[in-house]
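Comments concern the structure below.
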Protein chains: 2
Amino acid sequence: MLKGTLEGCVLRIIDAEETYGYAITRRLNELGFADVTEGTVYTILLRLEKRGLVDASKRPSEQGPPRKCYALNAAGRRELATFWARWDYLSSRINELKESRP
Amino acid sequence: MLKGTLEGCVLRIIDAEETYGYAITRRLNELGFADVTEGTVYTILLRLEKRGLVDASKRPSEQGPPRKCYALNAAGRRELATFWARWDYLSSRINELKESRP
DNA sequence: TAGCGGTACTATGTGAGACAAGGTAGCGTC
DNA sequence: GACGCTACCTTGTCTCACATAGTACCGCTA
């Protein structure tokens, strides 16, 4: 039902700033999604790329191997908007259920 | 990440009132979870029963076959509490991410 | 200069949850 | 007796999340 939520979060992070897998993982961890690992993020990123929601480009790094930077394109922004709509709807339904008196 | 949310909702509904699969499905639908089907609910119910979170009992129905009524037991109430804790944590993290300025 | 730790990406396999699809059956009514 | 509603269960499939493991670049230091 709420599957694809992590994917939405990744879209949001990319929307805020053009970035890359390793940094996205660190960002998610510091945002409180503690047990999200690189493997998880990279599979999401590849999926997003395959679905044509992000544009990727290689950039040299100051330290370590080159980075694969991702930017949201128009389709990605549309997807993000529908994701938030879905999220708002479902999360408020769940909160209603939680708060409702028997 | 948020998987098991539907399961939590089902636990909540049973916690509010001892009830059965068919009615739970109708309840979820009218609560706004429109595309939840009976098959989905029954698999959740069987899982809950197997995990010892609910107690089941057959009851005759006024119309139609007998109902399998479910009630939350102590373990189920504990599970529901930890589910809400998890939900509160994750949903507020996601809302923070949503509301945050780039 | 070899090794270590941090950065950075990729591939592959697994498990569980959500869902579709289909089947069985009791009961009331037209 | 066919239809429609109630009520349950089974089986298969897809995808997401996650684990695991491997490759490789770079800077530091012992």
Side-chain angles (χ1 to χ4, degrees), chain A residues 1-11 13-14 18-30 32-51 53-54 56-70 79 83 86-87 90 93-94, chain B residues 1-11 13-14 18-30 32-51 53-54 56-70 79 83 86-87 90 93-94:
Chain A
M1 186 172 66
L2 279 161
K3 93 176 127 177
T5 304
L6 230 202
E7 185 181 293
C9 294
V10 170
L11 280 174
I13 289 173
I14 298 173
E18 199 170 328
T19 183
Y20 54 99
Y22 187 80
I24 292 169
T25 310
R26 296 292 146 260
R27 183 101 187 84
L28 283 168
N29 294 151
E30 94 191 19
F33 306 99
D35 47 3
V36 174
T37 64
E38 291 171 45
T40 302
V41 174
Y42 286 115
T43 52
I44 290 174
L45 254 13
L46 264 340
R47 194 164 66 231
L48 292 177
E49 200 180 353
K50 202 179 301 176
R51 287 209 280 150
L53 303 175
V54 294
S57 59
K58 280 270 186 204
R59 304 269 173 87
S61 164
E62 302 84 42
Q63 45 174 353
R67 297 166 178 166
K68 193 170 174 185
C69 282
Y70 293 92
E79 179 68 20
F83 164 70
R86 253 176 60 81
W87 167 255
L90 283 170
R93 285 300 87 73
I94 291 168
Chain B
M1 187 172 67
L2 279 158
K3 90 178 129 180
T5 304
L6 231 202
E7 184 181 294
C9 293
V10 170
L11 280 175
I13 290 172
I14 298 173
E18 197 170 329
T19 182
Y20 55 98
Y22 187 80
I24 292 171
T25 310
R26 296 292 144 259
R27 184 102 186 84
L28 284 168
N29 293 152
E30 94 191 18
F33 307 100
D35 47 3
V36 173
T37 64
E38 290 171 46
T40 302
V41 174
Y42 286 114
T43 51
I44 291 174
L45 253 13
L46 262 342
R47 194 164 65 232
L48 293 177
E49 200 181 352
K50 203 180 300 178
R51 288 209 280 146
L53 303 175
V54 293
S57 58
K58 280 270 188 208
R59 304 269 174 88
S61 165
E62 303 83 43
Q63 44 173 355
R67 298 165 176 167
K68 194 170 172 185
C69 283
Y70 292 92
E79 180 67 21
F83 164 70
R86 252 175 61 82
W87 166 255
L90 284 168
R93 287 299 88 73
I94 291 168

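These values consider heavy atoms only, across backbone and side chains, with no hydrogens, waters or symmetry-generated copies. Quick note on labels: first sequence line is chain A, next is B, and so on, each numbered from 1.
- The nucleotide whose nearest atom lies closest to any side-chain atom of A:Thr43 is, among C:dA18, D:dC18, C:dT7, D:dC18.
- Regarding B:Leu11, its CG atom lies at a distance of 12 Å from the P atom of C:dG17, rounded to whole Å.
- Between B:Lys68 and D:dC9 there is a side-chain polar atom (N or O) within less than 4.0 angstrom of OP1 or OP2.
- Between the CD1 atom of A:Ile44 and the P atom of C:dC9 there is a distance of 14 Å, given to the nearest Å.
- Side-chain proximity of B:Pro65 to C:dT7, C:dG26, D:dA17: nearest is C:dG26.
- D:dC8 atom P lies 12 Å from atom CD of B:Glu49, rounded to whole Å.
- Side-chain atoms of A:Tyr42 come within 3.5 Å of backbone atoms of A:Tyr22 as a donor-acceptor pair (strictly under, hydrogens ignored).
- Here the C1' atom of nucleotide D:dT15 and the CG atom of A:Leu46 are 15 Å apart, to the nearest Å.
- Whole-Å rounding puts the B:Leu48 CG to C:dA16 C1' distance at 14 Å.
- Between B:Tyr42 and D:dC9, a side-chain N or O to OP1/OP2 separation shorter than 4.0 Å is absent.
- The minimum heavy-atom distance linking B:Glu7 with B:Leu48 is given by the pair CG-CD2, 3.7 Å.
- Atom CG in A:Leu45 sits about 14 Å away from atom P in D:dC16, given to the nearest Å.
- For C:dC9, the base has a donor-acceptor partner in the side chain of A:Glu38 [N/O atoms by modelled type, under 3.5 angstrom].
- Minimum atom distance to the side chain of B:Thr37 is reached by C:dC19, of the listed D:dA7, C:dC19, C:dA8.
- One atom, CG of B:Leu90, and another, P of D:dA17, lie 12 Å apart when rounded to the nearest Å.
- Straight-line distance from the CE atom of B:Met1 to the P atom of D:dC16: 13 Å, rounded to whole Å.
- The side chain of B:Lys3 sits closest to C:dA16 out of C:dT12, D:dC8, C:dA16.
- A close approach under 4.0 Å does occur between a side-chain nitrogen or oxygen of A:Ser61 and OP1 or OP2 of C:dA8.
- For the pair A:Leu2 and A:Gly39, nearest-nucleotide mapping onto DNA chain C gives the more 5' position to A:Gly39.
- When every heavy atom of A:Glu18 is checked against every heavy atom of A:Ser57, the shortest pair comes out as OE2-OG, 4.2 Å.
- The side chain of A:Arg47 sits closest to D:dC16 out of C:dC9, C:dC19, D:dC16.
- Closest to the B:Leu6 side chain, of the nucleotides C:dA16, C:dC19, D:dT6, is C:dC19.
- Counting only distance, with no hydrogens or angles, the side chain of B:Asn29 and the backbone of B:Asp35 share no donor-acceptor pair below 3.5 Å.
- Nearest heavy atom pair, residue A:Val41 against residue A:Gly21, reads CG1-O, 3.9 Å.
- Note on A:Tyr20: a side-chain N or O is less than 4.0 Å away from OP1 or OP2 of C:dA8.
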